[in-house]
Amino acid sequence: MSPDRIFNLGFDLATTISILALVSLGLAVIFGMRGVINLAHGEFIMLGAFATLSGTRNGLNIWLAMATAAAVVGLFGIVVERLIIRRLYGRLADTMLATWGLSLIMVQMVENRYGSVTEGIPVPVGNFTVGEFSMSKYSLVLMASAVLGVLATYTIMRRTRYGLLARAATQSSTMAEGLGVNTSVVNMWTFGLGSALAGAAGALLAPVVGVIPTMGQTFIARAFMAVIVGGPSFVLGTVSASGLLGFIENIGTNWFTPVIGQAMLLMAAIVVLRFLPQGITGTRFRR
Amino acid sequence: MRDQREMTRDLLSRVAAGSGATPAAGSVRSDLGGAVLAFTAVAVLGNWVQEFTAFEWSLWAVQAILALSLTLVWGYGGIFSLGQAAIYGIGGYTYGFWAINLADNTGESLTAVLAAVAVGAAFSALLGYFMFYGNITDVYVAIVTLATSLVLFAFMNSTSGSAYRIGDAAFGGYNGMTRIPRITWRLPGGESHELTRTQFLLFCVAAGLLIAVGIRVLARRPFGRIAVALQHNELRTGLLGYDVRWHKLAVFTIGGAIAAFAGALFAAWGRFMSPTVFSLAPAALVVIWVLVGGRNSVAGAFVGVLVVKGFSSWFGGASGDNEPIVLGVILILIVLALPGGIVTNIFKLKHWALNLISPSRDRLDAEVELATQQAAVYRPEPVVSQTEPRSDINLSTPESAIPTLKSAQPRARLIATAGLTKRFGGLAAVDAVTLEFPRGVSCLIGPNGAGKSTLLDLLSGRQNPTAGTVTLDSQDLTNRKPFLRARSGVGTKLQVASVYESLTVRENLWLACYAMPRDTQQADQRVEGLLDWLDLCEEAEQAAGTLSHGKKQWLEIGMVVATDPSIMLLDEPTAGMTRTETQRTAALVRQLGENASVVVVEHDMDFVRQLDAPITVLHMGSMFTQGTFDELANNDRVIDIYLGSHHGNSVSDASSADAGGSSDADA
């Protein structure tokens with residue numbers, strides 16, 4: 001195999017892993033910190049993509065539109081948290097059901113507004129070539145964003161006052177309250193952060209995938225698997241699970257079809273969970 | 001009194017909220033009667049209405065069958081599966097493949113229905129194996145099943161190429177599979193008959209009602225009772241010796257077979273299957289039907305389908321475009337306001353309605369009052385007031401012999417540990433403990449954090465050791481699962497009484513009695529003996545959660561005894577007991593020690609003294625010393641570790657004491 005071919009394969013793999021990490025990070029934050037499975041996560045991603053779309057249509061610079069989209073979805077998440085999620089902490093199945101209801105509503109609302117036609121945003125950057133292979137510079141943007149997103153999340157959780165309070169509220173809500181932390185507000189920010197990350201993922205993916213109301217469905221299966229395979233230490237877990245599952249998906253996609261790649265990802269995840277029910281970081285690492 | 005009230009209220013609200021099914025009451029005969037009645041009604045109506053309407057109705061029946069599969073899996077088995085619609089889809093496609101290829105030749109498509117059921121069951125079994133044997137629980141099951149459907153969705157959408165076909169049947173990709181034959185049947189050598197639309201309706205309704213009756217019958221059988229039990233308390237179910245994983249797998253597989261059956265009927269109904277059955281909306285729809293109807297009742301499945309259908313066509317707009325919005329709103333509202341569903345909440349609605357009429361009285365409060373009063377009537381006078389505790393009479397008379405199995409021999413065996421170690425990170429909670437617990441009672445004591453409960457967990461199998469072994473006679477138990485240890489005769493009572501709180505005392509004991517010899521009749525009989533022995537006859541029909549702390553502890557001990565263990569591990573059996581109750585427990589434990597090895601972890605020194613048994617002192621995970629109560633009471637070092645002594649010396653103390661301890665053990 002020629003070096004440029006190897007580079008191309010590696011580049012492809014890195015792109016797959018970055019996308020996986022991007023779409024799972026927001027879910028992982030919310031699940032890891034608050035034990036809430038947000039079944040509308042895919043729709044939050046979709047919302048991010050549509051927000052970017054309407055931003056660019058209204059003449060906004062695309063990068064600015066993406067940033068705005070993340071903020072908009074973050075705010076939307078905060079509203080959802082205050083209206084619904086707030087009442088359901090600790091009731092895992094119920095939060096799943098409620099967010100599922102939300103996801104059905106969101107898909108239909110967006111469909112009513114925009115129709116179910118695939119919309120596109122032009123890729124803002126060009127290609128570059130290595131040897132015989134042409135690759136998109138936008139993939140580099142995705143990789144950089146994934147790394148940045150992971151590092152930013154880690155920094156927020158470890159180095160900021162909010163992060164400390166949020167981790168405290170996660171480990172012992174009553175103790176945190178006893179020490180004067182307003183856990184309700186902290187939870188609200190956590191959900192907002194996770195939603196903003198989902199929005200950012202949608203915004204970043206908008207130029208490379210078809211923007212349609214049902215696009216969330218294509219991401220959530222992978223995102224869920226990455227999060228539960230990752231396990232409780234969610235930043236490290238998301239990175240390692242994305243690496244493992246992205247690798248497997250990439251092999252399936254390159255050798256067979258994208259669908260087989262997805263199926264292989266799922267099967268790999270189920271097999272991993274069969275032997276590590278707590279996920280990769282379940283037994284070894286502390287939160 | 002206050003506590004009792006709150007507990008009862010809590011229990012009532014939990015029952016009302018439908019935290020889980022309880023074993024169904026009633027008889028097969030009445031169930032069948034109801035089913036026949038319902039069938040007759042549909043038959044009459046179905047022949048009266050237009051054929052097209054009858055045809056519409058049969059879809060409702062098919063969907064009710066699909067809902068029933070989730071009622072069984074989720075309501076009775078406690079498995080939160082979001083994949084029932086996907087298995088339904090698999091059933092539908094399988095029917096399609098089979099019928100398209102064979103119906104022309106064989107002139108019937110009933111074998112295709114059977115094939116669909118078999119494939120659906122096999123698929124569920126495979127998926128279930130990975131989930132339940134990997135101990136994936138709760139929401140993880142939900143996620144895995146949902147992700148599986150979405151992957152199937154993506155896969156089926158990508159199969160439009162001509163390469164994707166089995167025989168004459170093409171997958172069809174996003175266009176779906178077309179021209180699926182209707183249900184036809186043929187007697188050997190006879191002519192082929194296709195079911196008319198009305199016949200199809202009757203076939204679906206009959207099948208649905210039979211499945212509903214079947215689920216209720218199953219729920220009353222030991223299998224169903226165990227399924228319900230494990231939903232309420234998985235830990236206890238395992239400790240009684242039931243294989244929780246196997247039970248979940250069985251329930252999930254049966255549910256899968258039912259869902260696939262519904263799928264086959266659906267394919268025959270519409271003569272068409274498309275990949276959308278694997279997408280999110282149908283998966284949600286099944287959950288919504290069951291949630292709306294109430295997941296603990298088979299009637300709920302039928303009601304749920306009808307009500308949801310009505311709602312979404314009423315509010316969903318003429319073209320049905322807004323149906324997802326209606327469904328989403330229903331989901332959110334149910335979760336927020338009506339978690340038990342309609343059928344289970346009729347009871348609650350009645351109270352609400354009554355409250356509207358006479359708001360002066362809080363009805364639920366009144367209900368609690370009533371329940372509490374009844375409980376008070378049934379509860380015998382506290383034993384405290386009696387000069388001659390009746391428990392002692394009970395325990396000394398021959399009738400009160402432990403109600404063990406008739407065949408049981410005194411078979412006390414020796415449970416022993418060698419170099420047993422459990423580390424949590426850098427901390428050794430149990431550090432190289434080598435101990436033997438011979439027949440009779442042995443006590444484990446030690447200050448908080450000494451490692452007593454961890455040691456007991458290692459013996460019962462709730463935790464696996466980092467190093468060392470646990471042996472029962474010559475068998476190596478070290479890494480054996482708790483339910484297998486229970487089957488080899490290790491019974492465990494946990495620190496916080498672990499009983500089935502919302503099942504009655506009788507049901508609790510029955511589950512324990514049935515665990516060992518799997519014999520319904522014998523279990524029924526032994527329950528009576530145990531109720532008598534535990535002096536819980538009057539509370540037999542009460543929910544176990546409403547018992548006082550002491551009685552709950554007794555109940556749990558009784559459940560352990562019922563499995564006829566040769567080794568009993570009792571973690572703080574007297575926690576929360578009054579002095580008199582403690583005395584009675586001491587007598588009870590001594591009695592148990594007559595033909596079993598009983599290991600007791602206890603803080604209450606008075607109780608330990610009454611047991612009059614050899615005592616092992618644990619300190620910082622290691623064995624500190626052994627001796628009788630009087631020896632230890634006069635041992636300064638033991639008193640030091642309890643009182644903390646001089647902090648600076650404690651480490652060197654402990655290590656020197658450790659050496660002393662092991663020489664004591666040799667002696």
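Values below: all heavy atoms of this structure, side chains included; hydrogens, waters and symmetry mates excluded. Chain letters run A, B, ... following the sequence lines, proteins first and then strands; every chain starts at 1.
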Legend entry - Heavy-atom contact with chain A under 4.5 Å, split by part of B:I330: neither

Inset, instruction - Below 4.5 Å from any heavy atom of chain B, which atoms of A:I37 appear? Answer side chain, backbone, both or neither. - result: side chain

Legend entry - Pair A:W100-B:V287, side-chain contact (heavy atoms from CB on, under 4.5 Å): steps then yes or no: CA-CA 10 Å; A:W100 201 354; B:V287 177; 3.9 Å; yes

Inset, instruction - Give, as side chain, backbone, both or neither, the part of B:S149 having an atom under 4.5 angstrom from any heavy atom of chain A. - result: neither

Inset, instruction - Give the minimum heavy-atom separation between A:R274 and B:Y133, together with the two atoms involved. - result: NH1-O, 3.0 Å

Inset, instruction - For residues A:L97 and B:V335, report the shortest heavy-atom separation together with the two atoms involved. - result: CB-CG2, 3.6 Å

Legend entry - Best-contacting candidate, A:A93, A:G216, A:A263, against chain B by heavy atom pairs under 4.5 angstrom: A:A93

Inset, instruction - Heavy-atom distances under 4.5 Å only: say whether B:L280 touches chain A with side chain, backbone, both or neither. - result: both

Inset, instruction - Flag yes if more than 12 heavy atoms outside A:F247 fall under 6.0 Å of its CZ atom; otherwise flag no. - result: no

Legend entry - chain B contact via A:L39 - side chain, backbone, both or neither, heavy atoms under 4.5 Å: side chain

Inset, instruction - Side chain from CB out, backbone as N, CA, C, O: work out which of these in B:F130 comes under 4.5 Å of a heavy atom of chain A, or both, or neither. - result: both

Inset, instruction - Heavy-atom pairs under 4.5 Å with chain B are the metric here; pick the option from A:V271, A:L88, A:T214, A:T95 that has the most. - result: A:L88

Legend entry - Best-contacting candidate, B:A154, B:A142, B:A284, against chain A by heavy atom pairs under 4.5 angstrom: B:A284

Legend entry - Within-4.5 Å side-chain heavy-atom neighbours: B:L150 and A:F224: no

Inset, instruction - Any pair with a residue in residues 251-260 of chain A that passes salt bridge (Lys or Arg N to Asp or Glu O under 4.0 Å), sequence neighbours left out, goes on the list, sorted by first then second residue, please. - result: none

Inset, instruction - Evaluate the criterion side-chain contact (heavy atoms from CB on, under 4.5 Å) for residue pair A:I270 and B:L127; output intermediate values, then yes/no. - result: CA-CA 9 Å; A:I270 291 177; B:L127 186 61; 3.9 Å; yes

Inset, instruction - Decide yes or no for B:L82 and A:M96: does some side-chain heavy atom of the first lie under 4.5 Å from some side-chain heavy atom of the second? - result: yes

Legend entry - Rounded distance (nearest 0.5 Å) linking atom CG of A:L104 with atom CD1 of B:I288: 6.0 Å

Inset, instruction - Give the member of A:L266, A:V227, A:N112 that has the highest number of heavy-atom pairs under 4.5 Å with chain B. - result: A:L266

Inset, instruction - Among A:R222, A:Q262, A:M225, find the one that has a side chain to side chain contact (heavy atoms under 4.5 Å, CB included) with B:V151. - result: A:Q262

Inset, instruction - Look up atom CG in A:L92 and atom CZ in B:F80, then write down how far apart they are to the nearest 0.5 Å. - result: 9.5 Å

Legend entry - Which atoms of B:F153 approach chain A - backbone, side chain, both or neither, heavy atom under 4.5 Å: side chain

Legend entry - Side chains of B:L336 and A:D94 in contact at under 4.5 Å (non-hydrogen atoms): no

Legend entry - For A:Q108, the option from B:I325, B:L327, B:V326 that meets side chain to side chain contact (heavy atoms under 4.5 Å, CB included): B:I325

